[in-house]
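To start, the structure itself, in structure tokens.
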Amino acid sequence: MTGRQTIIPFGPQHPVLPEPIHLDLVVEDERVVSAIPSIGYVHRGLESLVDRREYQDFVFLAERICGICSFTHSSTFCQGIEGLMGIQIPQRAAYLRTMWGEYSRLHSHLLWLGLFADSLGFESLFYQAWKIRESILDEMEATTGGRVIQGVCKVGGVRRDVANSFLSGMDDRLDEIEDNMKDLTNVFLNDYTLKKRLVGKGVLSKDDAYYLGAAGPTARGSGLDMDIRSTGYLAYGDVGFKPVVEKGGDGYARCAVRCRELFQSVEIIRRVITDMPEGDVFTPVKGNPDGEYFSRSEQPRGEVIHYLKGNGTKNLAQFRVRTPTLTNIPPLVSILAGCELADVPQIVLTIDPCIGCMER
Amino acid sequence: MKMFKTILKQFFHTPATTTFPNTPLENFEGTRGHLVFDPSKCTSCMMCMKRCPSQAITVQRAEKIWTLDRFRCVMCGNCVDVCKFDALLMEREYAKSATPTERGVETYEITYVKPERPKKETAE
Amino acid sequence: MNMKIDSVEAADVQKIAGTMRSGGYRLVVMTCTPADEGYYITYSFEKETDLRHYRIAVAEGTTIPSIGSSYGGAFVYENEIHDLYGFTFEGMSLDFGGTFIKTSVPYPFKKKEQPAPTVTVVKEAKE
Amino acid sequence: MSSASKSPWLLHYNASSCNGCDIEILAALTPVYDVERFGIINTGNPAHADIFVVTGGVNEQNKAVLKNIYDQIPEPKVVVAVGICASSGGVFRECYNISGGVDTIIPVDVYVPGCSVRPEALIEGIVKALGVLEEKRAAMEAKK
Amino acid sequence: MDIMFIVGAVLFLILAPILGGLLTGCDRVLTARFQSRVGPPLLQPFYDVAKLWHKEKAFSNPVEIIFTTAYLVLIAFSGAMLATGGNLLFVFFSLALAHTFLILAAYSANAPYAHIGAERELLSVMILEPILILFAAGCFLVTGSFDTYHMLIQDVPGIIYLPGVFIVFIAVLTLKLRKSPFDISTSHHAHQELVKGVTSSLSGRSLAKVEIAHWYEMMIFLSMILLFFAGYPVLSAVAIILVFLLEIVIDNIFPRVTWKMTVKSLWIVTLVFGVGNIVVLGILGGIV
Amino acid sequence: MYPPELIAILILLLVPVSAAVLLAVFKPDLVRNVLAGITSVIIIGASVFLAWKALIAPVSLTLEHTEWIGMLLFIAEIGVALVILGLSIKYRKILPLLLSVIQLILILILEFFGIAGPHAMTTFTVTGLSAVMVLIIGIIGTLICVYALGYMKDYHDHQIGVPVRKRYFFALMFLFLSAMFGLVLFNNLMWILCAWEVTTLCSFLLIGYSRTPEAMKNAFRAVWMNLIGGICFTLAIFFLLRINTPVNLLSVTDLLAFPNVSALTIPLAFIAVAGLTKAAQMPFSTWLTGAMVAPTPVSALLHSSTMVKAGVYLLVLFAPLFSQTWVGIFLALIGAFTFLATSALAISQSNAKKVLAYSTIANLGLITACAGIGTAEAIMAAILLIIFHAVAKALLFLCVGAVEHKIGSRDIEDMDGLLVRLPLLATMMVIGISGMYLAPFGMLISKWAALEAFLTAPLGYVFIAILAFGSAFTIFFWTKWLGKLFMRMNRPPAEKIALHISEKLSVIVMGVLVIGCCLGFPAIITGVIIPYLNGIHPYFYLGNKGFFYFDTLVMLGLMAFILLFLVIGAFLGSREGRTIAPYLGGRAVDSEGRFLGSLGVYKEAKTSNYYLEEYFGEKVLLKPSWVISGVLIIVMLVLGFMGVMIWI
């Protein structure tokens, strides 16, 4: 009966959404009949700035596509320019980028776990996750000088080196962080009530995930072995990377993927620190980029693609970003239909939406 | 239920909360807090203005004026990197907030005096 | 990483998408970029590590067949290209009607008389 | 200090920020910074809010939302523009979709610089905003 | 009516909000400590209400002023009745009426979030109703009267006869105090999917009234624990403190559940323990 | 000279019939209005007089030469059976046909081969219970007829295509009143059976008034279910006649005074079934919900406040007998179960009339439960329920009917903001709804009384548990309706159509009656119910019991005072302040209540109530309920045949 429908404008301003996205929720009782997203609240048009900033300075702008995945964006952009110009960055720089990339994955996943707990009304778990995240941010700040926007990547390498003495101290601090994370993920993965809320909610089948274009943990939660890190860019080839895959396809599986990736990231960081090669962190760059390049890397949220097109001047001719959240929107639309209103926040969050990324 | 252990642990530990703002926070070495300008070292080369990604810096070479809009500065430190004369520095302390009346552009008069070029002793 | 780009006809897009889909490829990205004449739209597909790019050259204002029937997730790219470049896609699985990315200038990346993208004149913040 | 400044409730809206400032606002709520020490609660509901925290520069779609939310907050209220984007448009000032800082749409009482804003800076800004809130309340009482 | 009763009622009307506010403050501090934070000052709830009281008069529908007033007055009235040893059943009916007014206040805003909050509040009233009636029936079976006064002057504490009802009572207290996992209609924290649920359209003074009413309500429900331990003041006090602590801990170790899970779990508990208790008591022929 | 009571009785029995004949003859609206108005005044006057007399002292009148009345009624009964038979043949309905044939045969057997008992029999008795019923029929019934005068005009304006047969309609309405008076005034079970059958016929014809296929289907369903009741009633008479005793068991007074209850279990079981069908208890509830296709005054008159009350009247009448048997316990269980099931079913309905129908069945279930338990407290609760339910429910039906004509829908979802759009009707509706379940209004007091009655009854804890959950459902569906009325509207107000004066009058009087009954409930208890109960249980003394405790009364008064104060406050209070838009996640609403949603489409920000269809829908609940209640009925009949008594 159409007379029994409630239409709820969910967002753009809503406590569950730190970022603006809008959903037109049509619910009956509390069952969602249809949920159509509407975006464009964060669209800035950043890609249009390439022709007024030099490609080297544009790194700082690329970094500000998103405040959470900032490091990956800057490194992907640098990687793209380096690809266009055929620059080989020093090994140490590659290792440092890998380390920071994994740190930013840690901070992003912890942030997500916190927000996810919050969306389930689990305040104390939210605080717990964010408390651990603060120690990750401390590591970031100590090594790069910025908490969430690191500003450390540079075409040709990185701007700052990290002292070896600091790196060796990092290992002990990682132990403590890992212990805390164990307590945290134990709750996420084993708590009875949380399981009740998560298992079987928002199921995305393997096929749907593949053909609707799911990326990152969303795809891996549905049993897809998809991770750009497997291609072995930066130092990932040296650390023996294997993607974390869960088969459930539901909210629990996606949560489990992220929980397990936390420990995987810690492992990678440990490997990178121990194997850190000595040497320069920066290769001087000469000339201007020309040609086309698809630069891909794995963000905490999935595969990000920077398309760069140079025309031999200091400014790029074209810059396009395809972010994991954008391609995770179609799966989101498909899993929202038929869910409970109370599950809408957690289902929206299971794809870990990063609207800032998505809309540039 | 699994949470019980964790919250119990929290309860018997001192809270993680800082005492800020009663005591200022210690920042890490190399934290980019705010930009400091040394008027006595600036040669008005304009590099900082050109390479600032957010156009927070303006240099008027003729008037010898260097201005910074703190409410545009992204603290990326690019200007510090490109400044060959060490006139710019990143301090660790964060920048202070302002009400509309307090808010303004920081203007500095460049006091740099081009040093007398040392006599070319080697020329002799 | 494969950067080889195959040029194809705009009318064949759906066929290619169909082949790719039945071949087990996933849609990675659709990119629109201005060319010397008109625009290129690049479709990238991937199966495991096999990345393939197909490119169509289209003139301004052309209507392009949508690949929504093969890839349900293509609508995000198609709507975006519609909103930013002004192309119309026929048969999108979810048509936002130009409200996917609402911009203050219509089709900001569309080529104008002067090649630079339109930029709103920013009022200088009060000093 | 009257009750107004002892119990400021926040409402946060991301106008078109990159997320950096938003997560730092959330970080300010978390154990290490714990702004609840000052009675600050993140309400998420305009009808309950006293302090409207906006991040990001204003774009086309957000204008109406910002105005709508601002109108729904009962007096006395204070608007805090957090981050350089909210203050002036920041790095995105020249983008075609950004029309400037928050003050182009609604009156701003306190600007907090930073990119992204550090939680300490945010707390400092909010404490400043409390002063403004106090003044506004006094003015409101006097009007009665 | 005894003069003592009137004194009791007046004392309740004055003391309940003060105690309730303090307890809420304790709750917030303790919760913060469980979350590794310092937390707000103890008197924070009072600051909040004082601030709300001085805010601008703004509403989405003017009738909400009268509805929230009615909610507050009737809750206070029920509390006063309870304090005078009045009729338990009538206390419950009066509470139900009070909640109806809160629900109507939420309905009257005609905003989706408030509306769903109202529906969920209604669900929680529905969940609560059976156990309250069973509680009253249990008291009747024990004392032969619905009057709390008779329950209080029992020689044997009521919990001996009504252990099942007590268990259910603690379970529904979580719902009543708007704590996780059963804070489906609104909660004291930023409530996620419903914004603030039933109170989301209330602001300023209306919200302050609802807040004070919550304090009253909390005191009403906590003081009902007395009925189970009547005649043993120390034991009662310990029980009340323990139950309150238990509720805070429960709040912190559970996520919120959906309304369906709330109804199912609480009604199963009610059916098993509540009805079971009453049936056993009924078969044994009551105590009278 | 006849005693004045007899004259009043005769007026009540004959005036409506004569009015019916006249109404069937005269066509002009004016004549009808005047005629109906005069008749109504006479009926109200007579019923008030009779009730007043009866409350002073129970009236008991014996007439001589009652044979010709009996004969007349017998002919009427045969006529009823024949009409149903004829219509069944015309519309090719097998089940009603079969049942009416059985019924006809049974009546004929009864008349010609029945063992005529001793004929020393009182003709009319007016006890407290019948006085209550007389007042309900006399006042509420006539008010509904008056309301119908205006309503039917609107009805035919709205229902294009339905043939206008107002003469037929009003004749049936008044005929029905006569039958109802007969039902509660006669003392002879044979005569009561006749009145019973006439009400069945009236109900059948009025449900099928519009002659649409749906209406006819539901009408036939109503008739076959009620025929089962009639047959059971007849069987009960058969079994009564077979009991060898010097007293005439067909006389209600004698039957009630009969000491050997264990011999009566079989007829009691049949009477119970008859009462259950008339009161539309599970599994017979569908006829009442189906009957909602009839014009609203019919629903109000027949299907909420009077005819269905005939069923429970019969049960309450025999409650003292039920109280000693297991038949009674099972009757009570069926009633309580019906209360639970239909309260739950009402949650899933959005059609206002259907909600009212289910709520009616639920309350009748509660009354049935009280009647089955049959203790003095239970009877008191039952009578209170009958009174309060009749007034509040009639008011609600009248409001829904009027609202339907004003806004063109009887869906609760369409009633949002009614308080702004139709202030008078909505206020009355609020009074009606509050009267149905909120403290300190009548129904709640009655429920309280029922609760106390259950607590002291055998197996009381079962009833308590059922009542506890049932009232939870009740709260749910009433409150969500109430909430709808208070919503803020951003829709254009309804068209300004003046309410017909007759509708306005009836609605307002009814509203006053609801409040009056609530305020006067202590008087009703002491003045009406206690004397009646003392007639049955001479030692019954209410005293300081529960809800009638002095302190509680004071509290109730205080509460009513607070409410009054709040209502005054609502009217006089300050409304200064700023109106802020409803919170829609930051979305702005335009003047028509719409916001710009996804895909660039404007959507209306609308809200709807919960209906919990997956738990309480008809599809889910009806069939299991039929099974359970069917089993309970069979067990009840078996227990009746076994003659099991309660030995507590």
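To find a chain, count down the sequence lines: A is the first, B the second, and so on, and within it residues start at 1. Quick note: numbers below take in every heavy atom, side chains included, and nothing from hydrogens, waters or symmetry partners.
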Q) Between E:Ile103 and chain F, which part of the residue has a heavy atom less than 4.5 Å away: side chain, backbone, both or neither? A) side chain
Q. So which of F:Leu563, F:Leu444, F:Ile562 actually passes side chain to side chain contact (heavy atoms under 4.5 Å, CB included) with E:Leu97?
A. F:Leu563
Q | Under 4.5 Å from any heavy atom of chain F - which part of E:Leu122 | A | both
Q | Non-hydrogen atoms of F:Ala472 and E:Trp267 that approach each other most closely | A | CB-CZ2, 4.2 Å
Q: Would you sort out whether F:Phe565 and E:Val73 count as a side chain to side chain contact (heavy atoms under 4.5 Å, CB included), showing the intermediate values?
A: CA-CA 11 Å; F:Phe565 193 72; E:Val73 169; over 6 Å; no
Q: Determine whether F:Leu556 and E:Phe90 make a side-chain contact, defined as any pair of heavy atoms from C-beta on separated by less than 4.5 Å.
A: yes
Q. Relative to chain E, which of F:Thr479, F:Leu455, F:Leu438 shows the most heavy atom pairs under 4.5 Å?
A. F:Leu455
**Q.** Atom of F:Ile347, atom of E:Met126 and distance for their closest heavy-atom approach
**A.** CD1-SD, 4.4 Å
Q) Which value, rounded to the nearest 0.5 Å, describes the distance between F:Phe469 atom CZ and E:Thr270 atom OG1? A) 5.5 Å
(Q) Heavy-atom cut-off 4.5 Å, strictly under: side chain, backbone, both or neither for F:Leu419 against chain E? (A) neither
(Q) Minimum heavy-atom separation for E:Tyr107 and F:Met487, please, with both atom names. (A) O-CG, 3.5 Å
(Q) Given heavy-atom pairs under 4.5 angstrom as the criterion, report whether the side chain, backbone, both or neither of E:Val125 touches chain F. (A) side chain
Q | Separation between OG1 of F:Thr474 and CD of E:Glu129, rounded to the nearest 0.5 Å | A | 8.5 Å
Q: Please name the pair of heavy atoms, one in F:Ser471 and one in E:Ile133, separated by the smallest distance, quoted to 0.1 Å.
A: OG-CD1, 3.6 Å
Q: Specify the closest pair of heavy atoms between E:Glu119 and F:Tyr610, including all atoms of both residues, with the distance to one decimal.
A: OE1-N, 3.3 Å
Q: Could you give me the CA-CA distance, side-chain angles and deciding distance for E:Phe59 and F:Ile580, then say whether side chain to side chain contact (heavy atoms under 4.5 Å, CB included) is met?
A: CA-CA 6 Å; E:Phe59 36 69; F:Ile580 48 180; 5.9 Å; no
Q. Do the ring planes of E:Phe67 and F:Phe486 sit parallel (below 30°), tilted (30 to 60°) or perpendicular (above 60°)?
A. perpendicular
Q) How close do F:Leu566 and E:Ala70 get, heavy atom to heavy atom, and via which atoms? A) CD1-CB, 3.3 Å
Q) Does the side chain of E:Phe93 reach to within under 4.5 Å of the side chain of F:Met559, using non-hydrogen atoms? A) no
Q) Looking at E:Leu271, E:Leu123, E:Val275, which one has more heavy-atom pairs under 4.5 Å with chain F than the rest? A) E:Leu123
Q: Please confirm whether E:Phe140 and F:Trp448 have ring centers closer than 6.0 angstrom.
A: no
**Q.** Proximity breakdown for F:Leu485 and chain E, heavy-atom pairs closer than 4.5 Å
**A.** neither
Q: Check whether E:Ser200 gets within reach of chain F through its side chain, its backbone, both or neither, counting any heavy atom under 4.5 Å.
A: neither
Q) Which region of F:Tyr437, side chain (C-beta onward) or backbone (N, CA, C, O), has a non-hydrogen atom less than 4.5 Å from a non-hydrogen atom of chain E, or is it both or neither? A) side chain
Q.
I'd like to verify something: which residue of F:Gly577, F:Ala465, F:Ala468, F:Gly470 has the highest number of heavy-atom pairs under 4.5 Å with chain E?
A. F:Ala468
Q) If you count heavy-atom pairs under 4.5 Å with chain E, which of F:Leu467, F:Leu584, F:Ile475 comes out on top? A) F:Ile475
Q | Aromatic ring pairing E:Trp259/F:Tyr615, orientation class (parallel under 30°, perpendicular over 60°, tilted between) | A | perpendicular
Q | Pairwise distance CZ(F:Phe571) to CD1(E:Ile66) - rounded to 0.5 angstrom | A | 10.5 Å
**Q.** Heavy-atom pair count under 4.5 Å with chain F, highest-scoring of E:Leu134, E:Leu89, E:Ile127
**A.** E:Leu89
